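This report concerns only the one structure given below.
In what follows, every chain begins at residue 1, and chains take the letters A, B, ... in the order their sequences are listed. Note that the coordinates shown come from a computational prediction; the quantities given were computed from them, not determined experimentally.
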There are 2 protein chains.
Amino acid sequence: MSQQESTFRKPGNQRDTTACEPISRMLARISDKWTLLVVRILGGGPLRFNALKREIGEISQKMLASTLRDLEENGFVTRTVTPLTPPQVEYALTDLGRDFWEPVQALAKWTHANSARIDAARAAYATRRATR
Amino acid sequence: MSQQESTFRKPGNQRDTTACEPISRMLARISDKWTLLVVRILGGGPLRFNALKREIGEISQKMLASTLRDLEENGFVTRTVTPLTPPQVEYALTDLGRDFWEPVQALAKWTHANSARIDAARAAYATRRATR
DNA sequence: CGGGATCCTTATCGATACTG
DNA sequence: CAGTATCGATAAGGATCCCG
């Protein structure tokens, strides 16, 4: 076994570097602060703009609007306008969006279930830095 | 049925709004452009700094360094220094990191498997905007 | 090789004001 | 209600140089 740097994985199989580029692009597309959160919330059912905004709480209407536009463009949510006074616009997950919701929810649940472990790790890291 | 705004979900079960705040914080912590990507790659095994950088490709060393620092602080990766000339620093997932890797990988696989559907949705969205 | 420090350029975000 | 438009602050990100 060589101690060279490089990838040192089985030669001929340099991981799935091939899939790395498109995945990283997709990952980058959804890795903004709000997308995952909005998808996760809409997983609970359709919501109108301000209801959604209230549910998230900290988001500005600007960011919510642009996040929703991106999600609509990517085919994750539908935007249904009911022309009334006052107007009503409802956002809901599409089939694709509901599919996407599953891994998102898995991730969210994991972070929730393991937040204690992470906090512990952070505390340990802090003391480690202090003691040495 | 009232046309009021509000949440209009089954009263008494107003979703898991309780869990929304901590989850959104955790989600926000990992939702930067690189964290998920680095975790996913380190899932394939330990790597040294520049090997990791090469594998990601587009990242600057600054962002990689800071991303790795965050990951170490959160207890997802270990940083092992071997004092040689030239020095060697290897990054590897911890138990927590490997745990975390699973939902991340699920998300990555999903995006990869469904990239065609997303592209189709984007194309459909474009024509829809053009025709109307 | 593995970074830290610095500078500089963008992208992100929020607050405010305005429209249909 | 559901946004768009504009502006200013701030953070993210990249390029370069430098050091152990």
Integer-rounded Å distance: D/dT4 P and A/L64 CG: 11 Å

Whole-Å distance between C/dG3 P and B/L52 CG? 10 Å

Hydrophobic cluster membership, with links at side-chain heavy-atom distances under 4.5 Å among I/L/V/M/F/W/Y: are A/V81 and A/L84 in one? no

[X] side chain, from C-beta outward: closest of [options]:
{"X": "B/P86", "options": "C/dG2, D/dA5, C/dC1", "result": "C/dC1"}
{"X": "B/K62", "options": "C/dT6, D/dG3, C/dG14", "result": "C/dT6"}
{"X": "B/V89", "options": "D/dG13, C/dG2, D/dT16", "result": "C/dG2"}
{"X": "B/Y91", "options": "C/dG14, D/dG13, C/dG3", "result": "C/dG3"}
{"X": "B/N50", "options": "D/dA5, C/dC1, D/dG13", "result": "C/dC1"}
{"X": "B/A65", "options": "C/dG2, C/dT16, C/dG4", "result": "C/dG4"}

Looking only at N and O atoms, is any donor in the side chain of B/E90 or the base of C/dG2 less than 3.5 Å from an acceptor on the other one? no

5' priority, DNA chain D, between A/R69 and A/P87 [closest heavy atom]: A/P87

Run B/D95 and B/R98 through salt bridge (Lys or Arg N to Asp or Glu O under 4.0 Å) and show every step you take. CA-CA 5 Å; B/D95 287 350; B/R98 264 185 297 279; 2.7 Å; yes

Does A/R79 place a side-chain N or O at less than 4.0 Å from the phosphate oxygens OP1/OP2 of D/dG3? yes

Once the angle between the rings of A/F76 and B/W110 is folded into 0 to 90°, is it parallel (under 30°), tilted (30 to 60°) or perpendicular (over 60°)? tilted

So, A/K33 and B/D32, do they make that salt bridge, N to O below 4.0 Å? no

